[in-house]
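Remember, it's a predicted structure, so these values are computed and weren't measured experimentally. Worth knowing before you read on, the calculation uses all heavy atoms, side chains too, and leaves out hydrogens, waters and symmetry mates.
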Amino acid sequence: METESEPYVRLASLRQLHQAMADMNTARSLADTLQTVADGVVTALGYELACVNLVRPDGDLVVAAFSGNPAAEALITGRVGSRESWERRLSMGETWGDLIFIPHTEGWILDDDDVPQWYTEGPAPRFEDEWHPSDRLFAPMYAPGAQGGPSSGELIGVLSVDRPRNGRRPGAWGREALQMYAFQAAIAISNARLRANMQRALVRLEREQQALRASEESFRQAFEYAPSGMAIAEMGGDQHGRILRTNDALCRLLGRPASAMRRYSFSDLVHPEDIGTLLRTSAEGGRAELRLGRRDGTYVWVSLRNSVVADAADGPRFLLTHVEDIEERKRRELQLAHRASHDSLTGLPNSAELRSRLSARLCQRPQSGLPAVHDSQDAAYGHPTYDAGFDFPARRDAYDVYDHHVHTIAPEGEHDDGTKGLAVLFCDLDGFKSINDRFGHNAGDAVLIEVARRLSNGVRDGDTVARLGGDEFVILADGLGRADAQDLAVRLRNEIIQPIRAEGRAVRVGASFGIGWAHCGMTADEVLKSADERMYVEKRSRPKQHRRAG
């Protein structure tokens with residue numbers, strides 16, 4: 001078939017070689033490609049045995065395909081040889097271009113290394129170029145694309161062949177054909193690996209997309225069918241805070257359709273008094289309790305919990321807000337707070353609430369140029385905190401402004417000098433004990449309730465009427481002069497002495513009033529004590545027979 005000079009090659013052999021190369025470049029998988037490479041050596045290059053040793057990621061070589069002997073294939077396929085042993089094989093023997101030939105005279109030293117081998121039987125060679133059963137011929141396969149030639153790239157595997165059919169060592173044509181075949185095999189294996197990697201990547205991408213779609217669907221269902229309100233809003237840009245999406249629970253809670261909700265941000269819906277709370281709530285992990293407006297104009301207490309979600313790795317960020325209805329809990333809390341600060345019988349502020357409201361207005365006036373001492377709220381915010389129902393209009397003629405605090409000043413002297421201050425009216429009922437003794441406590445309770453109602457109706461909005469205890473009441477009325485306070489006491493006494501219906505009968509009680517004045521530098525107890533003392537002075541100054549009728 002060939003000679004050492006110009007070989008004569010049959011056209012059928014070239015066709016077989018062409019077909020083998022075509023087959024290994026059109027195999028459907030990496031495993032098919034490797035087996036096709038091994039089969040092509042046997043069918044097209046005239047060798048009885050062929051083995052493909054593939055480099056693994058750890059550098060060692062595994063027998064990935066075998067052709068020519070089923071027994072040998074079953075024995076060594078899948079076995080691994082160390083990279084060190086292979087490096088030694090590829091560095092010894094004779095180099096035929098890119099091929100490595102190790103004659104039997106040298107190969108005996110490799111019999112005990114860890115490279116998988118198949119021993120063939122045969123007679124000793126009679127001629128110089130005759131193939132010996134222990135001869136070894138290797139065709140390294142290098143990754144294509146290297147600029148320095150086929151053998152300068154990364155090693156991807158080694159073709160090992162054995163027992164040429166003509167029984168002779170390959171000549172120039174046979175060597176070149178095996179070398180070219182190894183080069184094409186390296187290209188086919190690299191392409192097959194690339195296709196396999198791409199297929200794995202596509203499968204992984206498809207699984208990730210399926211997982212993402214499943215996650216999105218799970219989120220959508222959790223969002224849409226959550227029993228409490230959910231909303232997604234924009235973060236950043238000109239539309240920061242605008243609501244993009246709401247679930248049905250939030251729409252029902254606020255009585256607004258989803259299409260209308262997209263026109264708002266939470267700052268548009270929050271109660272004006274709670275806007276500061278909303279602005280102080282952080283986007284990531286922020287929590288707040290505030291009121292949101294319903295479509296009918298009412299407000300509902302809700303708990304907001306924020307978290308930030310991203311649409312993609314570098315995509316826009318959105319604010320996910322969970323809205324929970326806490327109206328019932330807030331109502332209970334307000335009821336408990338009201339019970340703690342108000343009298344259970346009359347509904348008026350109790351003694352503790354009275355002292356709290358009064359103390360909120362008073363501070364210790366500075367001495368010797370030292371700064372005023374404020375309560376904790378003054379120190380934190382730079383101004384006193386007032387009760388929502390206790391209005392104190394600031395008047396330059398009534399108060400001394402010092403260090404962000406408006407000092408309360410009492411009128412001086414016993415005559416009306418035009419100064420207006422905070423009047424404290426201490427009221428004690430006259431004749432109340434006899435009603436309790438004669439008609440029972442139910443009648444006494446009815447009297448107290450009616451007196452509380454008449455006192456509340458007789459003062460201005462913003463004034464405080466409190467029950468101090470028993471039959472004692474206190475009125476805090478701001479912005480009054482001495483004459484105003486005395487007129488108020490007379491009017492309230494005249495209201496109280498009117499007959500009261502209690503337990504089916506009409507009863508009457510009188511009232512004694514003492515007027516004290518609050519000013520900074522006093523404590524709440526000192527102010528109340530002063531008014532109490534003036535009340536007893538007024539009570540003792542009136543004859544007993546006139547106290548009830550006033």
State whether [X] and [Y] are salt-bridged, where the test is any N-O pair (Lys NZ or Arg NE/NH1/NH2 against Asp/Glu carboxylate O) under 4.0 Å.
| X | Y | result |
| --- | --- | --- |
| R329 | E333 | yes |
| K330 | E327 | no |
| K529 | D525 | no |
| E353 | R357 | yes |
| R56 | D58 | yes |

Would a 4.5 Å heavy-atom cut-off, applied to side chains only, mark [X] and [Y] as touching?
| X | Y | value |
| --- | --- | --- |
| V451 | I500 | yes |
| L253 | V302 | yes |
| M261 | L269 | yes |
| H322 | M230 | yes |
| R83 | L155 | yes |
| Y264 | R256 | yes |
| D478 | R361 | yes |
| I496 | F513 | yes |

Salt bridge (Lys or Arg N to Asp or Glu O under 4.0 Å) between R453 and E495, worked out: CA-CA 10 Å; R453 187 190 69 81; E495 288 292 328; over 6 Å; no
Pair S434-D437, side-chain donor/acceptor within less than 3.5 Å: no
Starting at [atom1] of [X], measure out to [atom2] of [Y] and round the result to the nearest 0.5 Å.
| X | Y | atom1 | atom2 | value |
| --- | --- | --- | --- | --- |
| L345 | D445 | CG | CG | 5.0 Å |
| I515 | L480 | CD1 | CG | 9.0 Å |
| N306 | L320 | CG | CG | 8.5 Å |
| R207 | L205 | CZ | CG | 11.5 Å |
| S307 | L319 | OG | CG | 7.0 Å |
| R467 | L348 | CZ | CG | 8.5 Å |

Chi angles and distances behind the side chain to side chain contact (heavy atoms under 4.5 Å, CB included) call for L212, E208: CA-CA 6 Å; L212 179 61; E208 291 175 353; over 6 Å; no
From CA spacing to verdict: side chain to side chain contact (heavy atoms under 4.5 Å, CB included), H271, Y299: CA-CA 7 Å; H271 192 285; Y299 287 88; 3.7 Å; yes
Given 3.5 Å as the limit, does a donor-acceptor pair link the side chain of [X] with the main chain of [Y], or not?
| X | Y | value |
| --- | --- | --- |
| S356 | A352 | no |
| N247 | Y225 | no |
| N436 | K433 | no |
| S341 | A337 | yes |
| R508 | I497 | yes |
| R355 | L528 | no |
| R339 | H342 | no |

All salt bridge (Lys or Arg N to Asp or Glu O under 4.0 Å) counterparts of D274, not counting sequence neighbours: R291
Taking all non-hydrogen atoms of both residues, which atom of [X] and which atom of [Y] are closest, and how far apart?
| X | Y | result |
| --- | --- | --- |
| T408 | A518 | CG2-O, 3.1 Å |
| G241 | A233 | O-CB, 3.8 Å |
| S512 | D430 | OG-OD2, 2.9 Å |
| A477 | D463 | CA-OD1, 3.6 Å |
| L254 | G293 | CD2-O, 3.9 Å |

Qualifying residues under side chain to side chain donor-acceptor pair (under 3.5 Å), relative to N197, sequence neighbours excluded: R200
Qualifying residue, where the test is side chain to side chain contact (heavy atoms under 4.5 Å, CB included) with V474 and the options are L455, L425, V424: V424
Salt bridge (Lys or Arg N to Asp or Glu O under 4.0 Å) evaluation trace for R213 with E217: CA-CA 6 Å; R213 287 193 292 269; E217 177 62 18; over 6 Å; no
From CA spacing to verdict: side chain to side chain contact (heavy atoms under 4.5 Å, CB included), S190, I156: CA-CA 8 Å; S190 296; I156 65 171; 3.7 Å; yes
Within 6.0 angstrom of R287 CZ, more than 12 heavy atoms from elsewhere: no
